[in-house]
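Comments concern the structure below.
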Amino acid sequence: MPTGRRERKKALTRQKIADAALRLFLERGYDAVGIRDVAAEADVAVTTLFSHFASKEALVFEQDANFEQRLTRAVTDRAPNEPLVPALRREIQALVRHCTAAGAAPIWHMIDTSPALRKYEESMRLRHAESLARAIAADPGLSRSTTACRAIARFMIDAFSLARETADPEAAVDEIFRMIEAAWEVTAPGTAGR
């Protein structure tokens with residue numbers, strides 16, 4: 001939570017808008033709700049809504065920036081000499097738990113049935129993968145090619161999506177991360193031709 005009074009007020013307004021939007025989307029359907037409806041429900045001006053959210057789709061993915069930061073911090077804030085893959089596995093596992101928690105199913109159903117939301121989610125995933133790849137590439141202790149960093153970052157982001165869609169997300173994360181670990185090890189310097 002932001003510490004300054006102004007920042008706290010902005011965060012509360014943002015959350016109020018996001019909560020109103022989600023409530024309306026789930027009650028009436030995503031396509032049936034307009035930006036003006038959300039602004040009225042949240043008791044804010046449309047310009048205020050747009051100062052917090054760039055688009056209608058962004059209202060659904062209000063945790064977007066937080067998720068992206070969590071992924072990059074899993075790389076940059078891990079303990080010295082802590083291997084990359086276990087650090088990212090823990091973060092992906094936490095994100096999967098969050099997105100498969102009780103009450104999340106109606107939200108994912110809404111996303112999965114809306115072409116606009118699916119398209120937005122895909123662009124968001126690609127952006128998260130690029131941010132994650134940059135964080136991995138910037139770590140001098142990891143010494144992998146740009147291609148390896150980008151590929152492993154995409155695998156990580158796809159692990160989240162694949163796991164959340166399964167009946168047993170925990171088991172899916174375990175299975176996927178065994179493959180990711182093997183792929184990461186193959187890209188280590190000096191392993192060519194093994």
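Sequential numbering from 1 along the given sequence is applied to the chain's residues.
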Determine all donor-acceptor pairs shorter than 3.5 Å in which one atom belongs to a side chain in residues 14-22; sequence neighbours excluded.
| from | atom 1 | to | atom 2 | distance (Å) |
| --- | --- | --- | --- | --- |
| R14 | NH1 | H52 | O | 2.6 |
| R14 | NH2 | E62 | O | 3.0 |
| Q15 | NE2 | D19 | OD1 | 2.8 |
| K16 | NZ | A42 | O | 3.1 |

Please step through salt bridge (Lys or Arg N to Asp or Glu O under 4.0 Å) for the pair R125 and E122, ending with a clear verdict. CA-CA 5 Å; R125 285 173 37 207; E122 180 62 28; 3.4 Å; yes

Dump the intermediate steps for side-chain contact (heavy atoms from CB on, under 4.5 Å) on I180 and V85, then the final yes or no. CA-CA 8 Å; I180 288 173; V85 175; 4.2 Å; yes

Applying salt bridge (Lys or Arg N to Asp or Glu O under 4.0 Å), run through R78 and D139 and close with a yes or a no. CA-CA 11 Å; R78 72 189 197 285; D139 187 317; 2.9 Å; yes

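Applying the side-chain contact (heavy atoms from CB on, under 4.5 Å) criterion to A137, with sequence neighbours excluded, gives C149. With sequence neighbours excluded, no residue forms a salt bridge (charged side-chain N to carboxylate O under 4.0 Å, His left out) with E165. For Y120, the ring pair (Phe, Tyr, Trp, His ring centres under 6.0 Å) criterion is met by F61, not counting sequence neighbours.
Inter-residue side-chain proximity for Y30 and K56 is flagged as met; some heavy-atom pair is nearer than 4.5 Å. Two residues are said to be in side-chain contact when any heavy atoms from C-beta on lie closer than 4.5 Å; E91 and L71 meet this criterion. Side-chain contact between T47 and F50 is absent, with no heavy-atom pair separated by less than 4.5 Å. The closest side-chain heavy-atom distance from I136 to R144 is not below 4.5 Å. Using a 4.5 Å heavy-atom cutoff, the side chains of F53 and V38 are not in contact. When side chains are defined from C-beta on, E181 does not count as touching P83, because their heavy atoms never get closer than 4.5 Å. Looking only at side-chain heavy atoms (C-beta outward), R127 and D64 come within less than 4.5 Å of each other.
Screening residues 78-115 for ring pair (Phe, Tyr, Trp, His ring centres under 6.0 Å) gives F67-H98 as the qualifying pairs, with residues at least two apart or on separate chains. Pairs of residues two or more places apart, or lying in two chains, never qualify as ring pair (Phe, Tyr, Trp, His ring centres under 6.0 Å) while including a residue from residues 153-174.
Inspection of the Q63 and N66 side chains reveals an N or O donor paired with an N or O acceptor under 3.5 Å. No hydrogens or angles considered: a donor-acceptor pair under 3.5 Å links the side chains of S131 and R134.
Residue T72 comes nearest to Q69 through the heavy atom pair OG1-O, 3.1 Å, listed as atom of the first residue, atom of the second, then distance. In terms of heavy atoms, L59 sits closest to I35 at CD1-CD1, 3.9 Å. The two residues P115 and T113 have their closest heavy-atom pair at CD-O, 3.6 Å. Residues A148 and W184 approach most closely at O-CZ3, 4.5 Å, considering heavy atoms. Minimum heavy-atom separation, E82 to A87: OE2-CB, 3.7 Å. Closest heavy-atom contact between I157 and H128: CD1-CB, 3.8 Å.
Checking side-chain atoms of R154 against main-chain N and O of A129 turns up no donor-acceptor pair under 3.5 Å. The main-chain N or O of A159 is never found under 3.5 Å from a side-chain atom of R164 such that the two would form a donor-acceptor pair. Proximity of a side-chain donor or acceptor of D37 to a complementary backbone N or O of G34 within less than 3.5 Å is detected. Looking only at distances, no side-chain donor or acceptor of R90 sits under 3.5 Å from a matching main-chain atom of L88. Panel note: side chain T100, backbone V96; a donor-acceptor pair is recorded below 3.5 Å.
Around the CZ atom of R150, the shell of radius 6.0 Å holds no more than 12 heavy atoms that belong to other residues, nucleotides or ligands. Around CG of D43, the count of heavy atoms belonging to other residues, nucleotides or ligands within 6.0 Å does not exceed 12.
Here the CD1-CG distance, from I107 to L117, works out to 11.5 Å after rounding to the nearest 0.5 Å. In this structure, the separation between CZ on R73 and CD on E68 is 11.0 Å, given to the nearest 0.5 Å. We find the CE-CG distance between M110 and D112 to be 10.0 Å, quoted to the nearest 0.5 Å. Between atom CE of residue M156 and atom CG of residue L95 there is a gap of 12.0 Å, rounded to the nearest 0.5 Å. In this structure, CG on L126 lies 10.5 Å from CD on E121, to the nearest 0.5 angstrom.
Hydrophobic clustering, with ILVMFWY side chains joined whenever heavy atoms are under 4.5 angstrom apart, groups V60 together with V46.
A salt bridge links E170 with R97: at least one charged nitrogen is closer than 4.0 Å to a carboxylate oxygen.
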